[in-house]
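Right, one structure below, let's go through it.
Counting convention: from 1, in listed order, for ligands and their atoms alike.
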Amino acid sequence: MDIDKIRSDFPILKREIYGKPLIYLDNAATSQKPRAVIEAIKEYYEQHNANTHRGVHKLSEEATELYEEARKKIASFVNAGGNSQIIFTKNATEGINLVAYSWGRANIKAGDEILLTEMEHHSNIVPWQILAKETGAKLKFIPLDENSELRIRNGELKKHLSSKTKIVALTHVSNVLGTINPVKIIIEEIRKFNPDIKILVDGAQAVPHVPVSIQNIDSDFYVFTGHKMLGPTGVGVLYAKKELLNEMEPFITGGNMILEVKKEASSWNYVPWKFEAGTQNVSGAVGLAAAASYLMNFGMKNVLEHERNLTSYAIDKLSKINHLKIYGPNNLEKRIGVISFNITNQTGKLLHPHDVASILDGEGIAIRSGHHCAQPLMEVLGVEGICRISFSVFNDRVEIDKLVLAIEKAKKILR
Ligand code: C6P
């Protein structure tokens with residue numbers, strides 16, 4: 001990968017922050033956008049803008065075609081096995097809510113068990129908490145081991161499953177630890193235990209960084225979000241198996257998701273449109289397809305390799321800083337380019353992550369600090385907050401060297 005060329009694809013990298021070149025290390029929160037994505041959205045609005053699936057005029061036809069082509073592109077990007085299993089949502093959060101409300105309300109009852117993990121983002125906890133409260137179901141959590149991986153080896157996964165388990169919802173990659181969960185193996189084991197248990201995988205942090213084949217993983221549901229994979233905000237994806245989508249009731253209702261509406265009752269449109277009520281984020285879908293094409297041009301294996309090289313370099317440099325603790329798996333193969341860390345002073349007192357992040361910001365370096373929408377995980381780690389850097393295709397080693405210097409400066413200031 002030609003990083004200089006890639007960097008020139010991202011207009012925002014020309015910005016200066018407080019007179020210093022921007023070093024953007026907050027891609028897990030939201031990634032920056034290459035020109036190809038910005039241009040695709042611009043061209044859509046300048047040349048093709050119309051409402052989809054409604055008009056018979058030329059522009060409406062073009063907009064509909066672009067929207068459905070985007071669906072095809074996304075289906076092939078994640079090897080979904082069919083276009084109609086791809087539902088456009090607002091983001092990953094909406095995808096999980098759709099499943100919890102639509103599938104959950106019809107299938108979960110009092111006493112049932114919903115199995116999550118201790119490393120979930122709030123998006124994959126709160127909708128299940130509400131469902132459990134409404135139905136009287138119980139939430140259970142797969143714990144972490146000392147290497148920031150799920151405690152599932154040597155038959156331990158089975159300990160968390162029971163005849164009452166109805167759904168397992170887990171993240172593919174942790175947004176805090178960077179851990180890549182072996183979802184394919186986990187799903188095989190769950191299916192062996194009971195093929196009726198449904199499995200939802202939250203791929204928000206996986207799809208932008210690792211090759212994902214949903215058909216190979218074979219989950220029932222898989223969600224991800226556009227803005228973390230170089231695409232625009234306001235568009236995400238829910239994949240679900242066709243038979244599930246056919247039997248599920250719609251989540252949001254209104255225009256476009258119906259076949260026929262009478263005064264008293266209505267019938268539902270075919271999948272996937274049954275789950276896409278109202279005017280859709282067409283420019284978002286077009287931008288997301290451009291982002292998928294951009295990533296596919298590199299090949300996700302190369303993206304992973306580039307980000308892993310950076311991770312290895314960064315861990316090596318960061319681990320030489322005194323009093324800096326890095327979180328996440330020791331084995332590089334088991335993590336992506338998300339590195340969380342905390343720093344203490346000589347007396348062992350934590351330097352507040354927000355203070356560290358503010359000082360780095362003064363150096364033009366954007367990192368995230370806080371609980372990262374994973375408060376249960378923070379509790380497990382015994383911290384209130386954490387500093388996090390996260391890479392994308394455009395990051396390079398020079399930026400990491402500057403980060404290390406800025407951290408040394410922060411340590412001196414906060415001493
Ligand atoms: N994590 C982070 O800084 P939305 O907001 O719906 O696009 O994505 C939600 C989401 C779901 N799952 C995981 C694993 C995530 O990391 C996120 C978003 C961001 O870590 C913002 S809190």
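Counting only N and O atoms by type, the side chains of Glu39 and Tyr44 include no donor and acceptor under 3.5 Å apart. For the residue pair Asp401 / Tyr313, a side-chain donor-acceptor distance below 3.5 Å is found, with atom types taken as modelled. Side chains of Asn175 and Gln205: a donor-acceptor N/O pair is absent below 3.5 angstrom, by distance only.
Protein heavy atom closest to atom 1 (N) of ligand 1, with residue, atom name and distance, is Lys228 NZ, 2.9 Å. Protein heavy atom closest to atom 15 (C) of ligand 1, with residue, atom name and distance, is His121 CD2, 3.4 Å. Here the protein heavy atom with the shortest distance to atom 4 (P) of ligand 1 is Thr93 OG1, 3.6 Å. Nearest protein heavy-atom contact of atom 2 (C) of ligand 1 is Arg368 NH1, 3.1 Å. Scanning the protein heavy atoms around atom 14 (C) of ligand 1, the nearest turns out to be Asp202 OD2, 3.5 Å. In terms of protein heavy-atom proximity, atom 16 (O) of ligand 1 is closest to Gln205 NE2, 2.7 Å.
Residue Thr171 approaches ligand 1 through these ligand atoms, each under 4.0 Å from one of its heavy atoms: 14 (C).
For atom 7 (O) of ligand 1, the nearest non-hydrogen atom from the set Thr225, Asn97, Thr30, Ile125 comes from Thr225.
Comment: Arg71 engages Glu276 in a salt bridge, judged by a side-chain N to carboxylate O separation of less than 4.0 angstrom. Look at Arg105 and Glu134 and you find a salt bridge, because one of the NZ, NE, NH1 or NH2 atoms lies within 4.0 Å of a carboxylate O, short of that distance.
For the pair Asn345 (side chain) and Lys349 (backbone), a donor-acceptor distance under 3.5 Å is present.
Contacts between His371 and ligand 1 below 4.0 angstrom, taking non-hydrogen atoms only, are absent altogether. Contact annotation for Glu120 and ligand 1: no heavy atom of the residue comes within less than 4.0 Å of the ligand. Contacts with ligand 1 closer than 4.0 Å are made by no heavy atom of Lys90, backbone or side chain. Here Cys373 has side-chain heavy atoms under 4.0 Å from ligand 1, and that is the only part of it that gets that close.
His371 has its ring centre less than 6.0 Å from the ring centre of His122. A distance of 6.0 Å or more separates the ring centres of Phe275 and Phe88.
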